[in-house]
Q: 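Let me begin by handing over the structure; questions about it come next.
Since this is a predicted model, take the numbers as computed values, not measurements.
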Amino acid sequence: MENIYAKRVEKIRSIMRKKGWDAVIISGSDPHSSEYMAPRWHQVEWVSGYSGEGEIVITLDHAGLWTDTRYFIQAAKQLPGTGIELHKTRVPDQVLIPEWLANVAFPSTNDKLVAVAVDGDCQAISDVNDIIDAFKASGREEYKIVNAPEMLSELWEDRPDIPQTSIITLGDEQVGWSRIQKISWLRKFLMEKECDAILLTALDEIAWTLNVRGSDIDYNPVVMSYLLVSMDEVNWYVKKRAIPKSDQETIDSFYELKADGVNIRDYSDIAIELASLSDEDGDRKLFADPSTLNYNLYNILMGNPSASVMTGKSPVALRKSIKNSVEIAGMKEAHYEDGLAMEKFLHWLETTVNSGAIISEYDAAVKLGEFRSQIPGYRGDSFETVSAWGEGAALPHYITPKDGSTTIGNHGLYLNDSGGQYLFGTTDITRTVALGPCTHLEKEDYTIVLKGHIGLAMAVFPKGTAGCQIDVLAREPMWKTFRNFGHGTGHGIGFYLNVHEGPQDIRQNFNRQAIVPGMITSNEPRIYREGLHGVRHESLVLCVEADKNEFGEFLKFETLTLCHIDTAPIIKELLNDEEKTWLNEYNERVYRELSPRLPIEVAQWLRKKTLPI
């Protein structure tokens with residue numbers, strides 16, 4: 001029986017032959033360059049059956065998936081039979097899509113005109129420019145980029161609609177800075193850039209600017225929309241259909257937004273607006289971020305003789321990454337409440353497994369969700385919980401199956417990577433714990449990853465230091481024992497927003513953005529052993545001031561996450577005195593702060609778990 005995904009690839013090739021396209025790029029994103037998408041834009045999965053991150057390129061004689069080290073194992077399991085080949089990225093000698101198109105698929109030695117079709121709604125102009133630059137660098141002159149929005153809709157008969165969920169607004173007491181203040185700040189930015197308007201297309205940036213939240217994308221409290229801010233108007237393109245009278249939250253939110261001068265428009269009207277953008281006194285200059293502005297809207301703007309575009313980094317990304325005092329207080333509250341839920345969960349897990357009860361990975365994920373749901377202000381998980389025992393933990397983005405989930409045994413390591421969305425903050429935590437006897441290799445991996453976690457947590461660094469300059473602190477213990485992991489060590493996190501945000505990160509890839517006070521970033525080194533186990537220790541850390549002297553200003557991290565680190569699998573001889581001191585002080589802090597609000601049996605259990613090593 002022919003593979004359904006192989007059939008879909010062939011149907012796409014039939015369209016290519018009719019239209020004269022030589023290559024088609026299936027984007028792994030949506031019209032807003034989102035990391036996580038609503039089901040309507042799960043295009044890569046629809047074409048290939050592969051459910052991780054990545055992009056697909058289809059030519060008349062080749063189909064390939066480009067993805068990074070986090071998804072190699074998953075891709076190897078999901079792609080067989082599809083006719084789609086895995087192209088590995090973030091590895092030595094990688095060949096990315098632009099270079100592959102220009103130098104492998106269509107080298108300049110063939111002077112035939114090459115037509116590359118992209119879904120312009122879902123391809124950022126920066127990505128298209130990379131393809132153009134690669135063709136130019138190869139010496140090819142005969143090529144064209146074809147803008148083909150919604151290219152899959154004629155094949156995807158049951159394609160989901162654009163989502164429209166309820167909207168809420170957050171008050172100044174929750175976020176510390178009103179939408180009116182944020183709009184005024186944006187207008188100052190426009191004056192500095194000598195622009196007439198700014199178009200925000202990244203969903204988290206729009207939510208932050210307007211102090212609104214929704215649930216158009218699972219786990220991400222954002223709203224599918226565009227925001228156009230000029231010196232005299234604020235237009236929010238958000239409605240996809242009529243708002244039902246029963247949706248009082250949205251009706252009230254729209255009323256509040258209108259009172260603050262925000263005009264509510266239909267989502268699809270953004271194209272009409274950009275096509276007709278003009279000014280009585282001359283051209284309108286629009287500022288936009290090329291990393292999130294999609295190619296289709298860019299083409300519409302380029303076709304408007306009365307509009308010009310200045311591209312550059314959105315100012316919102318950096319500003320929202322630096323949390324104000326109200327947001328920091330909320331994030332600390334979120335981690336305190338989340339820590340209580342985590343300790344209750346880990347106590348339940350250990351006692352239940354040791355009692356001989358049959359508990360699956362999925363059962364454990366559901367139970368943790370129950371503990372979090374009891375917290376006032378809980379709005380859901382911040383991403384799909386990774387609940388993994390044994391070899392499942394060796395998959396960086398393991399999807400815990402509802403049916404056929406692995407039964408958790410009373411030995412070895414259990415890994416839980418999860419987080420919560422609360423009205424007052426967002427959490428992201430991973431704890432790996434021993435549920436009984438562990439192998440020496442499990443203990444060694446556990447301890448070495450912990451050394452990296454502690455090394456980064458204790459970091460002190462000069463003001464102006466970027467995350468790529470301190471990433472080595474988390475990796476050095478692994479490198480010394482010839483271990484490594486193939487992706488980043490840390491990502492930024494939003495305030496009741498996306499669990500992954502920038503512009504800062506901690507990874508080997510060069511990113512000149514400095515880590516500055518107020519930024520909250522994850523500290524999550526890890527090790528994966530395919531078919532055996534995985535280890536990850538993750539806490540969120542807040543950058544704070546450390547000291548100022550004749551040598552300059554120095555910064556450090558304050559760990560926000562409150563949940564004990566299991567000492568049972570540790571090989572104590574591998575930790576030095578400074579690392580032991582940090583671990584003992586952290587676990588003691590967890591016990592001291594959480595125990596007064598824990599049930600007595602959980603508090604007593606936690607006391608034993610946090611005794612000094």
Side-chain angles (χ1 to χ4, degrees), residues 3-12 15 24-58 63-68 70-87 89 97 117-124 127 148-165 201-204 214-225 240 267 292 294-296 380-386 395-403 498-500:
N3 185 288
I4 185 175
Y5 303 109
K7 288 183 179 180
R8 288 174 180 173
V9 170
E10 287 306 316
K11 287 182 179 179
I12 292 171
I15 294 175
V24 163
I25 298 177
I26 308 297
S27 170
S29 190
D30 65 7
H32 307 271
S33 294
S34 304
E35 179 185 10
Y36 301 105
M37 295 83 67
R40 179 175 181 80
W41 291 286
H42 289 184
Q43 300 176 101
V44 168
E45 184 174 4
W46 184 84
V47 169
S48 67
Y50 164 75
S51 56
E53 294 180 27
E55 286 193 313
I56 289 174
V57 177
I58 299 173
L65 167 75
W66 274 255
T67 192
D68 63 55
R70 295 171 297 166
Y71 297 98
F72 291 169
I73 299 173
Q74 180 178 342
K77 292 181 177 180
Q78 294 180 325
L79 290 181
T82 64
I84 299 172
E85 179 183 321
L86 173 62
H87 291 251
T89 67
I97 288 174
V118 300
D119 181 340
D121 281 344
C122 300
Q123 205 79 42
D127 295 332
E150 299 281 310
M151 67 165 71
L152 291 182
S153 290
E154 63 179 281
L155 299 178
W156 193 348
E157 296 178 355
D158 57 347
R159 187 171 188 174
D161 291 333
I162 300 173
Q164 176 175 289
T165 59
T201 52
L203 302 182
D204 56 337
S215 55
D216 283 0
I217 299 176
D218 289 345
Y219 310 111
N220 298 265
V222 295
V223 185
M224 298 294 302
S225 58
K240 294 86 177 177
Y267 180 74
T292 58
N294 68 58
Y295 186 60
N296 189 43
D381 292 343
S382 57
F383 56 96
E384 187 171 5
T385 296
V386 177
L395 293 170
H397 286 264
Y398 178 61
I399 304 299
T400 306
K402 182 176 181 179
D403 299 318
N498 294 357
V499 75
H500 293 161

Q: If you round to the nearest 0.5 Å, how far is CG of Asp121 from CG of Asn294?
A: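 With rounding to 0.5 Å, CG (Asn294) is 5.5 Å from CG (Asp121).
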Q: Output yes when a side-chain donor or acceptor of Ser27 lies under 3.5 Å from a complementary backbone atom of Cys122, and no otherwise.
A: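 Confirmed, Ser27 side chain pairs with Cys122 backbone.
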Q: When you compare the side chain of Thr385 with that of Thr400, does any pair of heavy atoms fall below 4.5 Å?
A: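 Heavy-atom side-chain distance check fails, nothing below 4.5 Å.
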Q: Is a side-chain donor-acceptor pair under 3.5 Å present for Ser48 with Thr82?
A: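 No, Ser48 and Thr82 have no side-chain donor paired with an acceptor closer than 3.5 Å.
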Q: What residue among Val24, Ile15, Val47 forms side-chain contact (heavy atoms from CB on, under 4.5 Å) with Leu152?
A: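 Result: among Val24, Ile15, Val47, Val47 is the only option passing the side-chain contact (heavy atoms from CB on, under 4.5 Å) with Leu152.
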Q: Sub-3.5 Å donor-acceptor pair from the side chain of Lys240 to the main-chain atoms of Asp161, do we have one?
A: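 No; judged by distance alone, with no hydrogens or angles, the pair does not exist.
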Q: Please round to the nearest 0.5 Å and tell me the distance separating atom CH2 of Trp41 and atom OG of Ser29.
A: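 Atom-to-atom, Trp41:CH2 and Ser29:OG are 10.0 Å apart.
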Q: For Leu86, check side-chain contact (heavy atoms from CB on, under 4.5 Å) against everything at least two apart and list the hits.
A: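 Expected list: Leu65, Thr67, Phe72, Ala75, Leu79, Lys88.
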Q: Would you say the side-chain atoms of His42 pair up with the backbone N or O of Met37, donor to acceptor, closer than 3.5 Å?
A: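 A pair under 3.5 Å: yes.
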Q: Could I get the full list of salt bridge (charged side-chain N to carboxylate O under 4.0 Å, His left out) partners for Glu150, not counting sequence neighbours?
A: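 Listed in chain order: Arg40, Arg159.
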Q: Considering residues at least two apart in sequence or located in another chain, which fulfil the side-chain hydrogen bond (donor to acceptor under 3.5 Å, both in side chains) criterion with Asp381?
A: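 Applying side-chain hydrogen bond (donor to acceptor under 3.5 Å, both in side chains) to Asp381 gives Tyr378.
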Q: If you take all heavy atoms of Ser33 and Thr292, which pair is closest and at what distance?
A: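 For Ser33 versus Thr292, the nearest heavy atoms are OG-CA, 3.4 Å.
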Q: Would you say Asn220's side chain and Val222's backbone share a donor-acceptor pair under 3.5 angstrom?
A: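 Judged by distance alone, no pair lies under 3.5 Å.
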Q: Using side-chain hydrogen bond (donor to acceptor under 3.5 Å, both in side chains) as the criterion, list what pairs up with Gln164, not counting sequence neighbours.
A: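 Per chain and number, Gln164 pairs via side-chain hydrogen bond (donor to acceptor under 3.5 Å, both in side chains) with no residue.
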Q: Assess the side chains of Gln123 and Glu55: does a donor N or O sit below 3.5 Å from an acceptor N or O?
A: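 Short answer, yes.
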Q: Could you check whether any side-chain heavy atom of Glu384 comes within less than 4.5 Å of a side-chain heavy atom of Ile399, counting everything from C-beta outward?
A: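 Yes, side chains in contact.
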Q: Is a side-chain donor-acceptor pair under 3.5 Å present for Thr165 with Asp216?
A: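 Present: a donor and an acceptor within the cut-off.
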Q: Please report the shortest heavy-atom distance between Gln74 and Leu395, naming the atom on each side.
A: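 Smallest interatomic distance, heavy atoms only, reads N-CD2, 4.3 Å.
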Q: For Asp119, what residues pass the side-chain hydrogen bond (donor to acceptor under 3.5 Å, both in side chains) criterion, not counting sequence neighbours?
A: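 Asp119 satisfies side-chain hydrogen bond (donor to acceptor under 3.5 Å, both in side chains) with no residue once adjacent residues are dropped.
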Q: Does some side-chain heavy atom of Trp66 sit less than 4.5 Å from a side-chain heavy atom of Val57?
A: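 Yes. Closest side-chain heavy atoms under 4.5 Å.
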Q: Report the residues that fulfil side-chain hydrogen bond (donor to acceptor under 3.5 Å, both in side chains) with Asn498, sequence neighbours left out, ordered by chain and then residue number.
A: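 In terms of side-chain hydrogen bond (donor to acceptor under 3.5 Å, both in side chains), with neighbours along the sequence ignored, Asn498 is linked to no residue.
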Q: Could you check if a side-chain atom of Tyr36 sits within less than 4.5 angstrom of a side-chain atom of His500, using non-hydrogen atoms only?
A: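 In short, these two side chains touch, coming nearer than 4.5 Å.
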Q: Under a 4.5 Å cut-off applied to non-hydrogen side-chain atoms, are Ile26 and Trp46 in contact?
A: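 Contact flag for Ile26/Trp46 side chains = no.
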